[in-house]
Amino acid sequence: MPDQRCRVAVLASGRGSNFKAIAGACRDENFPARVICLITDNPAAPALELAADDGIESFTVPVTEKKGRLPEADELKIVDICEKRGVDLIVLAGFMRILKGPLLDRFEGRIMNIHPTLLPSFKGLHGVRQALEYGAKVSGCTVHFVDRTVDGGAIILQAAVPVDDDDDENSLLQKVNKEEHRIYVEAVELFATGRLLQEGRRVRILGNDFSRKG
Ligand code: GAR
């Protein structure tokens with residue numbers, strides 16, 4: 001029987017621990033999604049090795065500019081890879097590029113990102129460091145839909161993490177990463193089972209009856 005599960009492409013620039021968590025969940029055939037491919041802008045990304053170990057097809061999109069916004073030609077290459085493989089959902093997992101072009105046109109409402117703070121606090125690079133330097137007592141992580149703003153799309157899931165007095169960037173990052181892996185897998189599962197309904201800035205989780213009680 002053909003595999004009907006939601007087809008996911010993961011875009012990652014670095015270590016790939018979120019990619020690993022999602023690919024690990026997808027290995028279970030009862031999980032409603034599967035990772036079709038990994039796409040990176042970084043030929044040295046450790047995520048590439050993880051993909052190879054898992055037998056997941058991977059692509060390095062040649063990058064014509066060093067940092068920041070992905071050039072339109074490269075975004076088009078990613079569109080092409082995803083469309084040819086019938087991708088349903090694009091998951092950004094530490095993909096350090098700004099998307100503003102054709103990928104958003106073609107996959108609107110079907111691109112997610114993870115950010116290592118409780119948005120809208122501490123957008124942009126080094127979110128964990130920003131939260132620590134600001135003196136936040138609670139931080140966390142956010143999974144959100146991607147729109148044309150930077151880290152500004154509608155929030156899907158968040159998890160809070162306490163900032164302890166003796167935390168440094170590394171220890172806080174470890175706590176945040178643990179929660180990231182949990183909520184990113186959950187967000188993919190919710191999308192894959194059609195349980196996310198976006199109404200303006202709010203994303204309702206269908207079948208979640210808690211909000212109606214009381
Ligand atoms: C994650 O902590 C993710 O939240 C962050 O990059 C890390 C990637 O880790 N993303 C951003 O800061 C995006 N603004 P990983 O490669 O181990 O998944």
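Remember, it's 1-based here, ligands and their atoms both numbered in the order they're listed.
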Can you tell which of [options] gets a heavy atom nearest to [atom]?
{"atom": "atom 15 (P) of ligand 1", "options": "S17, G94, A47", "value": "S17"}
{"atom": "atom 14 (N) of ligand 1", "options": "K123, H115, M96", "value": "H115"}
{"atom": "atom 16 (O) of ligand 1", "options": "G14, A12, P116, G16", "value": "G16"}

Any luck finding a side-chain donor-acceptor pair between [X] and [Y] under 3.5 Å?
{"X": "S13", "Y": "D41", "answer": "yes"}
{"X": "Q174", "Y": "N177", "answer": "no"}
{"X": "T40", "Y": "N42", "answer": "no"}

To which protein heavy atom is [atom] closest, and what is the distance rounded to 0.1 Å?
{"atom": "atom 1 (C) of ligand 1", "value": "E180 OE1, 3.2 Å"}
{"atom": "atom 9 (O) of ligand 1", "value": "R15 NH2, 3.8 Å"}
{"atom": "atom 10 (N) of ligand 1", "value": "I114 O, 3.6 Å"}

Exercise for the section: State plainly whether the residues K175 and D164 are in salt-bridge range, i.e. N to O under 4.0 Å. Expected result: yes

Practice task
Considering only NZ, NE, NH1 and NH2 on the basic side and carboxylate oxygens on the acidic side, decide whether K77 and D80 come within less than 4.0 Å.
Solution key: no

Exercise for the section: State whether the number of non-hydrogen atoms from other residues, nucleotides or ligands found under 6.0 Å of E49 atom CD is greater than 12. Expected result: no

Handout entry: Contact atoms of ligand 1, heavy-atom distance to N177 under 4.0 Å
Key = 2 (O)

